Amino acid sequence: MKIGYPCINYSIGKKTISTFRLSSYSEEKLIQSIKYNLNTLLEILNYNIDHNLMFFRISSDIVPFASHPLCTFNWQDLFRTDFKKIGEFILKNNLRISMHPDQFVIINAKDKNIVERSIGELEYHREILDLMNLDNSAKIQIHIGGVYGEKELSKKRFISNFDLLSDRLKKRLVIENDDHLYHLNDCLEIHDELGIPVLFDTFHHECFGDDLDLIEAIKKVDHTWNHSKDGIMMIDYSNQEKDKRKGKHSKTLLLKNFLEFIRLCSFTDFDIMLEVKDKEQSAKKARKLLDQINNDSTMFKNKIFYYKES
DNA sequence: CTTAGTCAAGGGGTA
DNA sequence: TACCCCTTGACTAAG
């Protein structure tokens with residue numbers, strides 16, 4: 001099991017992603033940003049190795065405005081060697097990588113222009129992973145999209161629009177259950193049609209329960225991953241921020257809940273992405289906890305959870 | 001220098 | 001109907 005966190009590391013002492021406003025776009029700014037972002041990515045990955053955090057989500061902003069029509073610059077060629085080097089570094093250290101395009105990517109949109117732009121953005125994500133020469137266990141995760149008042153039809157549109165994607169992209173794409181529109185069963189249904197793996201988000205499942213028991217859910221999801229091609233499954237984990245709107249991610253990892261989750265689900269293996277605000281801090285807490293469990297197998301049996309928050 | 005408003009992109013929910 | 005939320009953080013103009 002690899003522990004990961006998304007996009008940003010606050011411990012390195014500088015900002016992680018350099019971007020800018022569209023109105024101040026220039027090729028020079030673009031080049032400077034990419035250069036900075038690739039260097040920072042390497043720094044973060046080094047930090048992660050030092051702390052045994054072997055799973056990381058790369059920010060969609062690594063190349064700002066990459067899929068925008070304004071961006072015609074051939075950044076791929078200019079940074080080809082740098083991407084390749086980072087990919088070799090990832091491979092050498094056995095790191096797991098994912099990406100998560102933002103909410104504007106909607107494959108099942110009714111508007112053809114939105115579909116087209118979404119595919120452009122997805123192909124950009126694929127290109128990043130391809131430039132690093134990562135195999136298909138490096139995934140791009142998206143939600144199913146809009147409902148438009150007719151869910152079944154919208155699911156069908158996802159399935160038919162999926163065909164518009166390149167083969168390379170299809171092999172990297174996974175779908176994630178969201179917190180109020182498409183639940184796990186919807187994802188599993190689409191998996192049955194398309195064969196793409198389902199990325200299970202524990203918190204969304206909690207928010208938007210469909211009576212499917214956690215263990216049953218994990219078992220079902222596990223079967224959607226072809227382990228030799230896709231790697232072991234990725235799971236998103238987070239907690240509810242207390243006294244806030246349902247679905248609000250917590251600032252930090254609640255270790256008690258996390259331990260209980262691990263205890264319930266340790267019958268199988270997966271890589272886990274911690275979607276909490278304090279990023280690497282929580283990842284380190286989780287890592288410490290898992291190490292403690294590994295060193296003391298009686299911990300589960302005796303239910304002695306003596307981990308202390310530091 | 002500090003701070004508040006704003007940033008490419010869609011859709012759904014809530015007040 | 002207007003504003004909030006989503007991986008929200010970070011850029012930028014105004015003070």
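The structure displayed is predicted, hence computed values, not measured ones. Every chain is numbered from 1 and lettered A, B, ... according to where its sequence line falls, protein lines coming before strand lines. Excluded from the calculations below are hydrogen atoms, water molecules and symmetry mates; all remaining heavy atoms, backbone and side chain alike, are included.
- Of the P atoms belonging to dT8(C) and dA4(B), the separation is 22 Å, rounded to the nearest Å.
- Counting non-hydrogen atoms under 4.0 angstrom, Pro69(A) reaches nothing in the nucleic acid.
- Ser59(A) comes within contact range of no nucleotide atom at all, as no heavy-atom separation falls under 4.0 Å.
- Distance Tyr36(A) OH to dA10(C) P: 9 Å, rounded to the nearest Å.
- dA9(B) and dT12(C) are spaced 16 Å apart, taking the P atom of each and rounding to whole Å.
- The distance from atom CG of Asn108(A) to atom CD1 of Ile114(A), rounded to the nearest 0.5 Å, is 10.0 Å.
- The shortest distance between the side-chain N/O atoms of His125(A) and the OP1/OP2 oxygens of dT7(C) is not below 4.0 Å.
- Arg117(A) comes within contact range of the sugar-phosphate backbone alone, with a heavy-atom separation under 4.0 Å but no base atom that close.
- Across all strands, Leu181(A) comes closer than 4.0 Å only to sugar-phosphate atoms, never to a base (heavy-atom distances).
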Q | Which nucleotides of DNA chain C pair, in dot-bracket form (Watson-Crick or G-U under 3.5 Å, | meaning another strand) | A | ||||||..|||||||
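- Across all strands shown, Val147(A) has heavy atoms under 4.0 Å from sugar-phosphate atoms exclusively, and none from any base.
- At whole-Å resolution of the value, CZ in Arg21(A) and P in dA10(C) are 12 Å apart.
- Tracing side-chain contacts under 4.5 Å through hydrophobic residues (I, L, V, M, F, W, Y), one never reaches Tyr148(A) starting from Phe162(A); they form parts of separate clusters.
- Separation of the P atoms belonging to dG10(B) and dG9(C) is 22 Å when rounded to the nearest angstrom.
- Distance Tyr5(A) OH to dG9(C) C1': 16 Å, rounded to the nearest Å.
- With hydrophobic clusters built from ILVMFWY side chains whose heavy atoms lie under 4.5 angstrom apart, Leu194(A) shares a cluster with Met233(A).
- Side chains of Ser11(A) and Lys284(A): no donor on one and acceptor on the other come within 3.5 Å.
- Atom CZ of Phe55(A) and atom P of dT7(C) are 15 Å apart (whole Å).
- Comparing the C1' positions of dT2(B) and dC6(C) gives an interatomic distance of 29 Å, to the nearest angstrom.
- In the 5' to 3' direction, nucleotides of DNA chain B lying under 4.0 Å from heavy atoms of chain A begin and end at dG5(B) to dG13(B).
- A cation-pi arrangement, defined by a distance under 6.0 Å to the six-membered ring centre and an angle within 45 degrees of its axis, is absent between Lys220(A) and Phe200(A).
- Note: CD1 (Ile62(A)) to C1' (dG9(C)) measures 16 Å, nearest angstrom.
- For the residue pair Thr19(A) / Asp61(A), no side-chain donor-acceptor distance below 3.5 Å is found, with atom types taken as modelled.
- In this structure, the separation between CZ on Arg172(A) and CD1 on Ile97(A) is 11.0 Å, given to the nearest 0.5 Å.
- The aromatic rings of Phe65(A) and Tyr25(A) stand perpendicular to each other, their planes meeting at an angle above 60°, with 30° marking the opposite boundary.
- A search for side-chain contact (heavy atoms from CB on, under 4.5 Å) contacts involving Val147(A) returns Lys151(A), Leu181(A), Tyr182(A), not counting sequence neighbours.
- Residue Asn177(A) contributes atom CG, which lies 17 Å from atom P of dC6(C) at whole-angstrom precision.
- Contact annotation for Phe65(A): base contact, defined as any heavy-atom pair under 4.0 Å involving a base atom.
- Listed by residue number, the members of residues 23-31 of chain A with any heavy atom below 4.0 angstrom from DNA chain C are Ser24(A), Lys29(A).
- The CD-P distance, from Gln141(A) to dC6(C), rounds to 16 Å in whole Å.
- Whole-Å rounding puts the Lys139(A) NZ to dT7(C) P distance at 21 Å.
- Nucleotides dT7(C) and dT6(B), compared at atom P, are 24 Å apart to the nearest Å.
- The residue Gln103(A) sits close to a base: some heavy atom pair falls under 4.0 Å.
- Applying the side-chain contact (heavy atoms from CB on, under 4.5 Å) rule to Phe104(A) yields the partners Asp102(A); only residues at least two apart in sequence or on another chain are considered.
- Residues forming a side-chain contact (heavy atoms from CB on, under 4.5 Å) with Leu91(A) (at least two apart in sequence, or on another chain): none.
- Going from atom CD of Glu127(A) over to atom CG of Asp130(A) covers 7.5 Å, rounded to the nearest 0.5 Å.
- The CG atom of Asn46(A) sits 7.5 Å away from the CG atom of Asn93(A) when rounded to the nearest 0.5 Å.
- Taking atom C1' in both dT1(C) and dA8(B), the straight-line distance is 24 Å, to the nearest Å.
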